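Keep in mind that what you see is a predicted model, and the values were worked out from it rather than measured. Chain letters run A, B, ... following the sequence lines, proteins first and then strands; every chain starts at 1.
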2 protein chains.
Amino acid sequence: MKQRVGMIDVAREAGVSLGTVSNVYNQPDRVSPATRLRVQRAIDRLGYVRSETARVLRGRPSRIMAIVVHDLANPFCIALVQGAEQAARRAGLGIMVCNSAGDPAEETRYASLLIEHRIRGALIAPTDSSGQSITAMRRSEMPLVVVDDSRPGRDACSVAVDDVLGGELATAHLLAAGHRSILFVAGPARLPQIQARSRGALRALARARLPASAVTQLDCEKMTVTAGRDAAARILGMRTLPTAVFCANDLLATGVLQRLFEAGIRVPEDIALVGYDDIEHAAAAAVPLTSVRRPARLMGAQAANLLIDKTSSASPVEHTHRQVVLRPELVARRSSSRPGMHVPARP
Amino acid sequence: MKQRVGMIDVAREAGVSLGTVSNVYNQPDRVSPATRLRVQRAIDRLGYVRSETARVLRGRPSRIMAIVVHDLANPFCIALVQGAEQAARRAGLGIMVCNSAGDPAEETRYASLLIEHRIRGALIAPTDSSGQSITAMRRSEMPLVVVDDSRPGRDACSVAVDDVLGGELATAHLLAAGHRSILFVAGPARLPQIQARSRGALRALARARLPASAVTQLDCEKMTVTAGRDAAARILGMRTLPTAVFCANDLLATGVLQRLFEAGIRVPEDIALVGYDDIEHAAAAAVPLTSVRRPARLMGAQAANLLIDKTSSASPVEHTHRQVVLRPELVARRSSSRPGMHVPARP
DNA sequence: AGAAATCATGTAGACCGTTACATCATCGAG
DNA sequence: CTCGATGATGTAACGGTCTACATGATTTCT
């Protein structure tokens, strides 16, 4: 069982001093080509690998960053992760994925794990608005980028989508198709994203000079397919059915679609349906789903790049927080098309 | 701008020595309750957090482990990650997710990143059979668990599914429904998993005393929805259509289903369809998809636990590699039901 | 009772593998 | 002979863990 081989061993093997080996890595041009080669050979011979652990301890920025999401089962989060992973990979970094599963306690636990590891920084899609873990991280001076939190906070970098506009787009689309009885199937009302989308719906009504009563809201505890099925069950129990349903999320919409289908209600003929996020699944559903697209991969990538810039700049003091707000986009598909003017099946 | 606070600061604040603070963490019962409390208070007051970096450098096992998958876009891999993440969380560890994107070079790059970081260990779903990165890791003595590689190697821990059985189950199911002209839409033929499923198909034929010609194979470069659409296009160009299609993967099956539908071919009436993996999406498809279920989350969790056990045992020398092989299971849904005996729509 | 052994607490100091910085040779040019 | 370059060396951090040892109080033995 051989001992771990360190820089000293390499130095001895190459017949130079410790510092020279370090220089070969960090200031190659300060070392004469001959010595450099000798050191290189020693490194290969011994199969030496630098210890990041020691480098970080010495003050170098870590090459690991983290992304904390609230639901790994949600394709939107997955897309965020993919985007971030891709950007990180380009910069030679690795990504730690933390699933808070919507539990603020888990989020906090992960936060302390990350702080203890002195990682490069974190992308965080906060679970609750209180932002306990965020303040914990900020206290530890860990670089942070907040993702998918629409509230305009000037005290941190963030990447988000204009959810008010998103809600407006969806609603306006349905209004334009003639719907005057729209149900907004919302997620937990405490989430700022949900509130924003709801405000967007109202704005659409105002723009169209229609009464606020044209949209009613139905809150759900979770934003999953199952929750969508439950919501649909509640819809079916209503005295008068809405003519259109706008869901806060494509998973909810998928659940609603399934349950309505089972009840023999046709989409879009009987009820028009619009989702949110435009996850990949949406286009391939039984009835291709109209949805408000949020560019998740792009968001992940932008957030990661923001963090990388932030932590690469030589002078971290003069850093100003940047807020990126992306525009959502309505993707019309069959689930909301007016009878007789079907959108072709091909996505 | 305050200086980072370390153990010495805590010690000074509590009026004890450095070692005592360390003992409060590592051997709490060696220090008197009074002192312990005093130290605790100092820690809280100063907002001190231990540096994992320093601990690892001193020889403590890291609290980060990694999982390397070949395609983050594949729900099967996501499920693996979810399982591993859950298990890791229970053990207080964090998971680093690395997407090799099917590129052995990336896999190797990640491998060295992981080694440099001296992480706890790695779960790896290898991209190519050569296993370059695996040998790199093994040379560095990093604990390893191979996931989803069916080849029986006694030189590493592994968690896999019996893919031969999986291929047999799917084929036998179709044979039992009377199909005698089955097409196996395979992935890259070099992948051992694909080879195993193919062998399974042959075994099913042998068991049923049918000629090997009852199953033909169609290779695809990738295993994505798009590849599935392309495969379907090729199928449509055949002189005589098969009566059943068995896809190496649910993504392929989804693509095939879409393309066949567009061509006006009904599933299962005209062609029966069976997928593999049983991703969540499969049950919710337009035509619920029959599939061979692989318990991905369980695999991820088991692999993670294997790794945790391995790295927690006091005596790492007397460790014997364990190979876990799980049984796949056929989940019959409408896409393969015989006309007239429909499985109910509800998944 | 006095010496010795036991015990609970703390302390001191040597690492772990790097990096940064100050120092020190060496040598040709002016 | 002094000056600058240039290249290599030595060493002090970084923030912990851990072993060995000092301290004093309490118990045990003779």
Side-chain angles (χ1 to χ4, degrees), chain A residues 2-40 42-43 46-64 112-113 115-119 140-142 314, chain B residues 2-40 42-43 46-63 112-113 115-119 140-141 314:
Chain A
K2 65 165 183 269
Q3 200 67 17
R4 276 224 69 82
V5 27
M7 257 194 186
I8 327 93
D9 303 300
V10 175
R12 209 178 348 250
E13 175 82 10
V16 295
S17 88
L18 180 68
T20 305
V21 181
S22 170
N23 282 336
V24 169
Y25 279 109
N26 304 316
Q27 272 108 16
D29 42 340
R30 284 183 108 94
V31 175
S32 73
T35 325
R36 210 184 312 164
L37 188 66
R38 212 143 37 90
V39 172
Q40 269 304 347
I43 288 170
L46 270 53
Y48 162 76
V49 259
R50 216 136 111 250
S51 158
E52 268 287 316
T53 324
R55 309 184 73 213
V56 171
L57 180 59
R58 200 60 187 71
R60 274 316 186 77
S62 162
R63 279 163 64 206
I64 296 184
S112 63
L113 180 68
I115 296 171
E116 286 178 16
H117 270 91
R118 309 284 194 267
I119 60 164
S140 78
E141 293 168 32
M142 171 174 300
Chain B
K2 65 162 184 271
Q3 199 67 18
R4 275 221 71 81
V5 27
M7 257 196 188
I8 327 92
D9 304 301
V10 175
R12 205 174 354 246
E13 175 82 10
V16 295
S17 90
L18 181 75
T20 305
V21 181
S22 170
N23 282 336
V24 168
Y25 280 107
N26 304 315
Q27 273 110 16
D29 41 340
R30 277 186 111 93
V31 42
S32 73
T35 324
R36 209 185 311 164
L37 189 68
R38 210 142 39 91
V39 172
Q40 270 304 346
I43 288 171
L46 270 56
Y48 163 76
V49 256
R50 220 137 107 248
S51 158
E52 268 287 316
T53 327
R55 310 184 72 214
V56 170
L57 181 58
R58 198 61 184 77
R60 273 315 185 77
S62 162
R63 280 162 64 205
S112 62
L113 180 67
I115 296 172
E116 285 178 17
H117 274 276
R118 309 283 194 267
I119 61 161
S140 79
E141 293 169 32

When the distance from CD of A/E116 to P of D/dG15 is rounded to whole Å, what number comes out? 15 Å

Under 4.0 Å, counting only non-hydrogen atoms across every strand here, what does B/V49 touch: a base, just sugar-phosphate, or nothing? sugar-phosphate

Assign B/G59 to base, sugar-phosphate, or nothing according to its heavy-atom contacts below 4.0 angstrom with the strands shown. nothing

Bending between helix ends of the helix from C/dA1-D/dT30 to C/dG30-D/dC1 [5 pairs per end, 10° resolution]: 60°

CD (B/E13) and CZ (B/R38) are apart, to the nearest 0.5 Å, by 11.0 Å

Stretch residues 11-35 of chain A: residues that reach within less than 4.0 Å of DNA chain C through a heavy atom: A/L18, A/S22, A/N26

For A/R55 and C/dA20, give me the distance from atom CZ to atom C1', rounded to whole Å. 13 Å

Within less than 4.0 Å of OP1 or OP2 of C/dA20, is there a side-chain N or O belonging to A/R60? yes

NZ/NE/NH1/NH2 to OD/OE distance under 4.0 Å, B/E52 and B/R63: yes

Is B/R60 reaching over with its side chain to a backbone N or O of B/L57, donor-acceptor style, under 3.5 angstrom? no

Polar pair under 3.5 Å, donor/acceptor by atom type, side chain A/R58, base C/dT19: yes

Is B/R55 paired with A/E116 through a side-chain N to carboxylate O contact shorter than 4.0 Å? no

Atom pair CD1 (B/I43) and CG (B/D9), whose distance is rounded to the nearest 0.5 Å: 12.0 Å

Considering all heavy atoms of both residues, which atom of A/I115 and which atom of A/M142 are nearest to each other, and what is their separation? CA-CE, 3.7 Å

In whole angstroms, the gap separating C1' of C/dT9 from CZ of B/R36 amounts to 12 Å

Does C/dT19 have its OP1 or OP2 closer than 4.0 Å to a side-chain nitrogen or oxygen of A/R50? yes

CZ-OG distance between B/R58 and B/S51, expressed to the nearest 0.5 angstrom: 13.5 Å

B/I8 CD1 to C/dG10 P, straight-line distance once rounded to whole Å: 19 Å

Here the distance between atom P of C/dC16 and atom CG of A/L57, to the nearest Å, is 14 Å

Side chain to side chain, A/V31 and A/V39, heavy atoms closer than 4.5 Å: no

Rounded interatomic separation in angstrom, taking CD from A/E52 and C1' from C/dC16: 16 Å

Between C/dG13 atom P and B/M7 atom CE, what is the distance in whole Å? 18 Å

Between the main-chain N or O of B/L113 and the side-chain N or O of B/H117, is there a donor-acceptor pair closer than 3.5 Å? no

